[in-house]
Amino acid sequence: MRSARLVQVGAKDLSPLRFDLGNRTESQIPGVLASQGPSFLLFCHNTPMTTADALVDWFEGHARSLPWRTEPRDAYRTLVSEIMLQQTQVDRVAPRFVEFVRRWPDLKALAAASEDDVLAIWSGLGYYRRARLLHRLAREVVGSGRNQLPEDIEALRTLPGIGDYTAAAVGSLAFGLEAPVLDGNVQRVVARVTASDGDPRASGGQTRMKAWVRKLFPGHHPGVVNEALMELGATVCTPSRPRCDSCPLLRCCKGYQAGCPEEYPPPRKVRATEHLRWVAVCFVGSDGRWLLRRVQEGPILRGLWLPPLADLEAEADPVSVAMGLVPEGLMVETGTMFGAVRHHITHRRIEVIPVLVPTLDADLPAAVWQWSRPGEVLGGTSSLFEKLHKVIRNNEKDS
DNA sequence: GACCCGTGGGA
DNA sequence: TTCCCAAGGGT
């Protein structure tokens with residue numbers, strides 16, 4: 001097997017288009033040359049195209065255009081994107097990322113921000129601890145007299161919110177360090193290519209997979225190899241119905257050869273879902289603003305601003321429960337129940353019953369209460385606020 | 001290692 | 001509808 005490189009004459013950045021010649025000679029691919037014009041030269045190699053070559057070539061031709069994929073790669077922007085992308089899909093992250101780095105373009109600016117402002121931008125993204133830890137990281141780095149991230153995997157790893165994955169991602173993508181990343185995508189790709197039956201999440205599996213990724217580094221930028229594996233997992237080697245016919249690793253994929261790539265990796269254990277019912281008391285003032293309370297206790301949504309919430313027993317009357325939550329000093333009319341809103345928080349499945357309670361404006365302690373509407377909250381809020389707001393607004397329109 | 005955290009989209 | 005899961009980290 002031989003490979004070829006197509007290089008533009010005089011091009012400053014030699015990022016050659018590589019492709020596999022297979023059993024053909026260069027004279028048998030005139031179409032490629034013709035389409036590229038006379039300013040290209042073809043170099044043929046008698047060395048086989050490696051798995052890494054195929055992967056990197058595929059990535060260079062198929063990488064999605066994403067706001068954090070700038071050249072040169074900025075370490076701060078890489079960090080912000082990686083934190084946002086933890087357990088969160090690209091399409092949801094992209095607009096938030098743009099907003100975030102426009103407002104806080106570097107670590108110093110982020111360190112100077114208030115946590116409430118950071119949470120406000122983060123609202124709706126979920127896993128709010130990520131935002132708090134990122135903010136803490138910025139203050140730690142800037143407070144220690146530096147304004148830049150350390151160019152060292154171990155040093156990165158000690159910063160708040162940075163674990164094995166994020167340290168390797170920032171180190172390799174931004175600094176070119178040879179650290180293999182193992183996210184869910186890469187674990188799936190490697191499990192399929194190697195037809196590995198073991199649990200990729202167990203420590204033994206992690207060590208083996210990292211070694212497999214490391215073998216792809218020689219001759220390539222480690223960040224490009226890492227990102228290519230993740231991109232492949234996200235767009236081709238998908239959990240269900242992988243598009244194997246478009247995969248650059250097809251010929252070396254043991255899972256494909258076995259005819260069952262989807263069976264790798266083995267499924268994770270499922271956690272039982274817990275069903276909850278809440279009532280949400282929607283105090284709405286004459287100007288349309290809602291009364292929000294900072295969530296004080298409990299494991300969920302702590303510190304965020306939401307309409308007052310309370311557990312709802314099976315036989316309880318939502319309106320009665322809601323009226324019991326009227327804060328002192330607030331003049332209200334009677335409450336009206338609306339159709340339930342569904343909200344999922346990790347393994348919990350929550351049915352939230354909105355009760356609209358029109359109210360006269362009143363001043364309440366600002367540490368715990370604020371009047372606001374979606375998009376204007378001073379501090380963090382959950383997408384649940386928007387869901388409740390939408391239900392009540394739509395129903396009011398009907399009547 | 002087990003369990004915790006948000007959210008929305010696709011199958 | 002229900003289930004799975006997505007560029008994980010902290011405890």
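In what follows, every chain begins at residue 1, and chains take the letters A, B, ... in the order their sequences are listed. The shown structure was predicted, so the numbers you read here are calculated from the model rather than taken from an experiment.
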Categorize [X] for me: base, sugar-phosphate, or nothing, with a 4.0 angstrom heavy-atom threshold over every strand shown.
| X | answer |
| --- | --- |
| A/Arg96 | nothing |
| A/Asp164 | sugar-phosphate |
| A/Ile162 | sugar-phosphate |
| A/Gly233 | nothing |
| A/Leu182 | nothing |
| A/Val270 | sugar-phosphate |
| A/Pro267 | nothing |
| A/Arg69 | base |

What's the spacing between A/Arg69 CZ and A/Thr78 OG1 if we round to 0.5 Å?
11.0 Å
Atom pair NZ (A/Lys390) and OG (A/Ser383), whose distance is rounded to the nearest 0.5 Å:
9.5 Å
Nearest-nucleotide check on DNA chain B, A/Ser203 vs A/Ser240; residue mapping nearer the 5' end is A/Ser203
Where each residue is assigned the nucleotide of DNA chain B containing its nearest heavy atom, which of A/Ala202 and A/His347 is assigned the position nearer the 5′ end?
A/Ala202
Mind calculating the distance between [atom1] ([X]) and [atom2] ([N]) to the nearest angstrom?
| X | N | atom1 | atom2 | result |
| --- | --- | --- | --- | --- |
| A/Glu262 | B/dA11 | CD | P | 12 Å |
| A/Leu85 | C/dA6 | CG | P | 13 Å |
| A/His344 | B/dT7 | NE2 | P | 11 Å |
| A/Arg241 | C/dC5 | CZ | C1' | 17 Å |
| A/Tyr127 | C/dG10 | OH | P | 14 Å |
| A/Arg129 | B/dC4 | CZ | P | 12 Å |
| A/Ile350 | B/dC5 | CD1 | P | 9 Å |
| A/Arg188 | C/dC5 | CZ | P | 9 Å |

Not counting sequence neighbours, which residues clear salt bridge (charged side-chain N to carboxylate O under 4.0 Å, His left out) with A/Arg96? List them please.
none
Would you call the rings of A/His62 and A/Trp58 parallel, tilted or perpendicular if under 30° counts as parallel and over 60° as perpendicular?
parallel
Which word best sums up how the rings of A/Phe97 and A/Trp68 line up, parallel for under 30°, tilted for 30 to 60°, or perpendicular for over 60°?
perpendicular
With a cut-off of less than 4.0 Å, is there a side-chain N or O of [X] near OP1 or OP2 of [N]?
| X | N | result |
| --- | --- | --- |
| A/Thr166 | C/dG9 | yes |
| A/Arg349 | C/dT2 | yes |
| A/Lys387 | B/dT7 | no |
| A/Ser382 | B/dT7 | yes |
| A/Gln87 | C/dG8 | yes |
| A/Arg201 | B/dA2 | no |
| A/His343 | B/dG6 | no |
| A/Ser383 | B/dT7 | yes |

Which sits closer to the 5' end of DNA chain C, A/Trp68 or A/Gly161, going by the nucleotide each is nearest to?
A/Trp68
Between A/Thr273 and A/Glu227, just flag the one whose closest nucleotide in DNA chain C comes earlier from the 5' side.
A/Thr273
In this structure, are over 12 heavy atoms from other groups packed under 6.0 Å from [X] atom [atom1]?
| X | atom1 | result |
| --- | --- | --- |
| A/Lys387 | NZ | yes |
| A/Phe338 | CZ | yes |
| A/Glu140 | CD | yes |

Taking the same atom, P, in B/dG6 and in C/dT11, what whole-Å distance lies between them?
14 Å
N-O pairing of A/Glu231 and A/Arg64 below 4.0 Å
yes
Do the charged groups of A/Arg373 and A/Glu376 touch, with an N to O distance under 4.0 Å?
yes
Pull out every residue in residues 294-310 of chain A that has a heavy atom closer than 4.0 Å to any atom of DNA chain C, ordered by number, or say none.
none
Do A/Thr88 and B/dG6 have a side chain to base donor-acceptor pair shorter than 3.5 Å?
yes
Check every atom of C/dG8, B/dC4, B/dC5 against the side chain of A/Asp183 and return the nucleotide holding the closest atom.
C/dG8
